[in-house]
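Here's the structure, in structure tokens; my notes come after.
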Amino acid sequence: MILSKSRTLIILDWDDTLFPTTWVTTNEINLFKETQKETGIMSVVAHASYLINMGSPNADIHRKSVIAATKELAVCEALGIPFLVIHPGS
């Protein structure tokens with residue numbers, strides 16, 4: 001997580017050596033939203049795992065990529081994050 005004086009938050013919520021498999025808890029969602037209000041940070045962007053490769057010809061990687069991207073989007077939705085940076089693959 002990177003904080004700046006410009007009231008912008010960029011969230012890197014993954015281990016870049018693994019496909020995302022975790023979900024945020026209700027407590028984490030509440031803490032995120034409370035902290036966002038307390039700090040006044042309203043501009044939030046999440047960055048998806050670099051392992052997501054929707055263009056992979058490998059069926060297993062493609063399947064894992066679709067699942068991971070779906071999870072990333074669901075986490076953004078739960079946290080109220082309107083932007084997700086994603087690199088769809090090569």
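- At a threshold of 4.5 Å between non-hydrogen side-chain atoms, the residues Glu72 and Ile52 count as touching.
- Annotation: side chain to side chain donor-acceptor pair (under 3.5 Å) contacts involving residues 73-84, sequence neighbours excluded, are absent.
- Residues satisfying the side chain to side chain contact (heavy atoms under 4.5 Å, CB included) test with Leu31, not counting sequence neighbours, are Thr35.
- Between Thr70 and Val66, the shortest heavy-atom contact is OG1-O, 2.8 Å.
- Using the six-membered ring where Trp is involved, His47 and His87 have ring planes that are tilted, between 30° and 60° apart.
- Note: the hydrophobic cluster containing Tyr50 does not contain Leu84 (ILVMFWY, side chain heavy atoms under 4.5 Å, direct or indirect links).
- Once rounded to the nearest 0.5 Å, the distance linking OG of Ser43 with CD of Gln36 reads 9.5 Å.
- Contact annotation: the side chain of Val24 never approaches that of Phe32 to less than 4.5 Å [non-hydrogen atoms, C-beta and beyond].
- Going from atom NZ of Lys64 over to atom CE of Met54 covers 15.0 Å, rounded to the nearest 0.5 Å.
- Nearest heavy-atom pair, Val45 versus Val85, reported as atom, atom and distance to 0.1 Å: CG1-CG2, 3.7 Å.
- Tracing side-chain contacts under 4.5 Å through hydrophobic residues (I, L, V, M, F, W, Y), one never reaches Leu79 starting from Leu73; they form parts of separate clusters.
- Atom CG in Asn27 sits 5.0 Å away from atom OG1 in Thr25 (nearest 0.5 Å).
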